[in-house]
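Notes to accompany the following structure.
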Amino acid sequence: MKILHTSDWHIGKQLHKIDLSPDLELFFDWLLAKIKEEHIDVLLVSGDVFDQANPSQASLKQYYNFLKRMIGTDCKIIITGGNHDSASVLNAPKEILGFLNIDVVGGAPENISDLFYNYRKGEEQVVIAGVPFLRDKDIRKSVAGESYNDKIEQIREGIKAYFSAINTHYTQHCQGLCFIVMGHLYVQGAHVSESMRDIQIGNQASVKGTIFGEEPDYVALGHIHKPYAVSTLKNVHYSGSPVCLSFSEKEEVKQVNIISVTGKHVDVDIVPIPKFRNLVAFQGTLEEVKTQLQKYSLSSQLISLAEIIVNEPDENVQIRQDLEELLDTHDNPELKIIKSKLNFINKVRGASEAFQPGISVADVTPMQMFEKRLELDGHQEHTDELKNAFRQILEELNL
Ligand SMILES: [Mn+2]
């Protein structure tokens with residue numbers, strides 16, 4: 001029996017207002033061809049099917065269109081909810097999808113037995129626990145007055161207890177059969193990228209790879225966008241997202257994992273996904289960036305998207321205008337600039353007088369600099385209000 005593991009499709013995701021649905025559509029074409037070519041029996045999607053809890057009509061259409069194309073392939077599907085998904089949105093068509101060999105676990109069910117699926121093909125049989133993203137209410141009873149650290153510790157313990165209950169259920173009811181556990185969570189050691197905005201169970205409540213125990217023959221994880229093997233010995237894997245969802249993922253080779261099951265033996269095959277679009281970053285002085293842009297010649301199926309970071313030594317109005325002009329006039333059918341940043345290394349004029357010699361401007365926070373300015377200007381009244389107003393500006397600019 002052959003099982004294909006993928007996750008983090010994030011249907012509906014935009015990258016700086018660029019719609020990434022064409023990227024996913026090309027992935028879906030490739031995935032369907034792969035499923036047919038490799039005679040895949042079960043497709044696992046480990047959470048974050050949609051980017052938003054309330055997906056747009058276009059996103060829902062893309063999802064159902066893919067599911068429709070799967071009908072008739074003989075491949076069963078199991079889809080679990082991630083932290084980006086709404087359990088009820090995923091679960092709404094659960095009953096009807098069940099008739100089409102598509103099983104959905106949007107959120108943690110009341111009974112653990114409801115997330116167990118048993119698939120059979122000839123002599124082969126596999127048990128899959130479709131564990132979705134576990135929300136606070138699924139794993140923890142909140143107590144008034146608890147500290148942040150207590151809460152994190154309870155979440156960690158709750159996750160551990162949940163997966164241990166999954167193993168107990170397996171041991172009691174299906175022992176001896178090949179056992180695959182799905183999950184959508186942050187396991188320590190995994191890499192985090194820019195596009196993972198939701199850190200509800202992020203750094204703070206990461207769990208160890210050992211919480212899955214000895215029972216599973218393969219653990220199919222989602223949540224981290226970079227493909228990653230938590231443990232090759234225990235077959236604990238993140239498949240990663242199929243397309244690049246942020247500039248920090250631009251160097252990654254995306255993949256799906258194909259698991260071949262014989263009895264209780266599993267073989268894991270990493271299958272790279274072709275790159276349909278290049279994400280590129282250009283960095284340097286304005287002149288250097290211009291040269292890099294002119295030299296760019298890599299082409300991909302979809303237009304390349306660029307991030308430019310201009311670093312100039314001194315504040316200069318001309319540079320600002322030249323950059324604006326570059327952004328307005330840049331016209332390359334192979335490359336679109338979607339993000340730009342201009343940094344002046346010696347940002348504040350007169351800063352050298354404000355601090356002791358030897359302190360670099362880079363080591364001073366904007367707030368400290370503002371306070372110094374107030375001091376030098378001899379402001380004594382309303383300083384708290386001025387500082388609060390400045391703090392508000394910094395927050396709005398995300399600085
Ligand atoms: Mn996620």
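From a predicted model like this one, the values you see are computed outputs, not experimental measurements. Residues: numbered from 1 along the sequence shown. Remember, it's 1-based here, ligands and their atoms both numbered in the order they're listed.
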Whether F370 and F390 hold their rings parallel, tilted or perpendicular, with breakpoints at 30° and 60°: parallel
Atom NZ of K94: over 12 foreign heavy atoms under 6.0 Å: yes
Whether H184 has an N, O or S atom under 2.8 Å from the Mn ion (ligand 1): yes
CA sep, side-chain torsions, deciding dist, call: L115, V131, side-chain contact (heavy atoms from CB on, under 4.5 Å): CA-CA 7 Å; L115 51 72; V131 182; 4.3 Å; yes
The Mn ion (ligand 1) - closest N/O/S atom in D48: OD2
Heteroatom of H223 nearest to the Mn ion (ligand 1) (N, O or S, atom name): ND1
No-hydrogen, no-angle side-chain donor-acceptor test under 3.5 Å, Y119 and D103: yes
